[in-house]
Protein chains: 2
Amino acid sequence: MAGIQKAKSEETQRRVLEAAVKAVERGGFEALQIRRIAADAGYSVGSVYKHYADQDALVTAVDTVTLARIKTAMAQAVEGVSDPLEQLKALARAYLAFAQEHRNLWQTLFALKMAEGAPTPDIHVQELVDLLGFIAEPLRQLEDGLDAEALAARTRTCFAALHGLVAISLEDRFVGLTTETLDSEMMFLVERLAGR
Amino acid sequence: MAGIQKAKSEETQRRVLEAAVKAVERGGFEALQIRRIAADAGYSVGSVYKHYADQDALVTAVDTVTLARIKTAMAQAVEGVSDPLEQLKALARAYLAFAQEHRNLWQTLFALKMAEGAPTPDIHVQELVDLLGFIAEPLRQLEDGLDAEALAARTRTCFAALHGLVAISLEDRFVGLTTETLDSEMMFLVERLAGR
DNA sequence: TCAAATAGTGAACATTGTTCATTTTTTGAC
DNA sequence: GTCAAAAAATGAACAATGTTCACTATTTGA
């Protein structure tokens with residue numbers, strides 16, 4: 001008869017997180033309201049706090065889901081692609097596509113975590129390292145003269161540049177480019193970064 | 001005897017904005033609280049709302065100040081520099097320096113305005129066009145084969161790439177690079193973007 | 001001098017994150 | 001099966017904050 005408590009606890013945590021992800025997907029960062037999520041998940045506000053210390057913890061949990069999804073998308077992007085330059089192009093397109101298709105999740109992931117004094121959870125750091133790993137491998141093949149440290153720095157630079165292009169492309173403030181222009185600019189950036 | 005009302009109104013608006021800028025500088029986006037700002041400026045909350053429709057309007061006003069400061073920094077950066085590649089490098093360094101020295105203002109400027117349905121104010125669009133203009137001019141000299149439209153797209157791409165590097169460098173999530181490495185990576189990026 | 005217009009006030013309200021005393025359910029020993 | 005302790009769940013209450021608005025104080029122009 002034992003095990004009911006554990007199962008209930010896990011289900012509650014899972015359903016709360018599901019409701020939180022859906023809330024962010026629908027309404028962005030601001031839609032992550034405890035009362036709303038508790039109601040959507042079918043619990044009271046108190047139950048949410050039993051599993052997540054505060055709103056930040058819930059955002060962090062949503063971000064963890066987002067990172068996992070990005071990782072999956074990146075892994076699929078390079079699947080079966082052997083040419084390093086083509087790998088980088090595929091990764092760039094996958095990253096842009098994810099941001100466009102999951103705009104609210106992506107924006108929440110990069111919406112100033114910096115303001116908080118809390119350190120980044122280990123799981124996030126690991127996921128980010130994995131993401132950078134996708135870029136590091138083709139880069140290593142293209143720039144064979146780099147030592148490990150330089151490669152790590154170069155990898156981050158390449159990711160950051162692509163990230164910036166994606167971030168700016170999602171902003172309304174900058175006059176929008178056509179989809180074709182954005183893609184060609186992105187490919188230009190990848191080629192220049194790859195030294196081609 | 002006339003003119004007192006106008007002077008008072010303008011002073012109130014100015015002092016409220018000054019308090020708002022200082023609040024953001026000190027505590028970031030989250031420090032922009034109406035009560036706190038009203039008290040700092042020496043007015044009641046109602047007076048703040050006489051000059052700014054809501055919190056968003058006040059953030060927008062702060063962002064306008066930030067954009068003007070960035071524009072000034074960029075203008076100073078290229079002053080007396082004639083070589084186009086050196087101009088781009090100076091602009092990149094100035095942009096990074098501003099973000100580092102005015103981290104909270106910079107972050108607030110790029111903290112998801114996207115969530116709001118409100119359109120970007122004209123003054124912001126104009127300032128952003130001016131900022132891109134600083135980059136467009138040296139780019140035009142370096143890539144003489146581009147037509148106006150392609151140059152505009154390329155300019156945005158270069159800005160976005162630099163912006164991404166700056167944004168990621170300010171994040172704690174990514175293991176920090178030394179100042180020297182960051183600068184050398186930034187120069188690498190500029191040179192590659194410039195086709196050198 | 002005075003009535004209208006403007007500037008300024010702050011109490012009151014609505015929303016939302018958070019806490020905690022209480023109730024309901026589960027567990028394991030007897 | 002009984003029951004006391006532990007865990008899960010509840011929701012009222014509190015605190016912080018954005019926003020409104022009826023009211024007061026000041027300025028204006030005739």
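All chains are named by letter (A, B, ...) in the order of the sequence lines, taking the proteins before the strands, and each is independently numbered beginning at 1.
- Residue pairs meeting the ring-ring contact (aromatic ring centres under 6.0 Å, His included) criterion with at least one member in residues 33-92 of chain B: none, sequence neighbours excluded.
- The side chain to side chain donor-acceptor pair (under 3.5 Å) test applied to B:E86 returns no partner, not counting sequence neighbours.
- Atom-to-atom, NZ of A:K6 to C1' of D:dA9 comes out at 20 Å; the value is rounded to the nearest Å.
- A pairwise comparison of heavy atoms in A:L132 and A:T155 identifies O-CG2, 3.3 Å as the closest pair.
- In this structure, the CD atom of B:E11 is 15 Å from the C1' atom of D:dT27, given to the nearest Å.
- Residue pairs meeting the ring-ring contact (aromatic ring centres under 6.0 Å, His included) criterion with at least one member in residues 126-148 of chain A, sequence neighbours excluded, do not occur.
- The CZ atom of B:R15 sits 15 Å away from the P atom of C:dA7 (whole-angstrom rounding).
- For B:S47, a side-chain nitrogen or oxygen approaches OP1 or OP2 of C:dT9 to under 4.0 Å.
- Atom CD1 in A:I4 sits roughly 10 Å away from atom P in C:dG28 (whole-Å rounding).
- Within 6.0 Å of the CG atom in A:D147, the count of heavy atoms belonging to other residues, nucleotides or ligands exceeds 12.
- Taking the side chain to side chain contact (heavy atoms under 4.5 Å, CB included) definition, one finds that A:A19 meets it with A:I37, A:D40, A:A41, sequence neighbours left out.
- Residue A:T12 has a polar side-chain atom (N or O) positioned under 4.0 Å from OP1 or OP2 of D:dA9.
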query = How does protein contact run along nucleotides 13-23 of chain C, one letter per nucleotide 5' to 3', with B for base contact, S for sugar-phosphate only, - for none, heavy atoms under 4.0 Å?
reply = ---BBBB----
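- For the salt bridge (Lys or Arg N to Asp or Glu O under 4.0 Å) test, no residue two or more places apart in sequence or in another chain qualifies with A:D83.
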Quick test: give all pairs of protein nitrogen or oxygen and nucleotides 3-7 of chain D nitrogen or oxygen below 3.5 Å, distance rounded to 0.1 Å.
{"residue": "D:dA7", "atom": "O4'", "partner": "A:Q5", "partner atom": "NE2", "Å": "3.3"}

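- B:V125 forms part of a hydrophobic cluster together with B:V129, judged by ILVMFWY side-chain heavy-atom separations under 4.5 Å.
- Residue A:E10 contributes atom CD, which lies 11 Å from atom P of D:dA8 at whole-angstrom precision.
- Taking only side-chain nitrogens and oxygens, B:S44 never comes nearer than 4.0 Å to OP1 or OP2 of C:dG10.
- The ring-ring contact (aromatic ring centres under 6.0 Å, His included) contacts involving residues 151-196 of chain B comprise A:F159-B:F174, A:F174-B:F159, B:Y95-B:F159, B:W106-B:H163, B:F110-B:H163, B:F159-B:H163, where partners must be two or more places apart or lie in separate chains.
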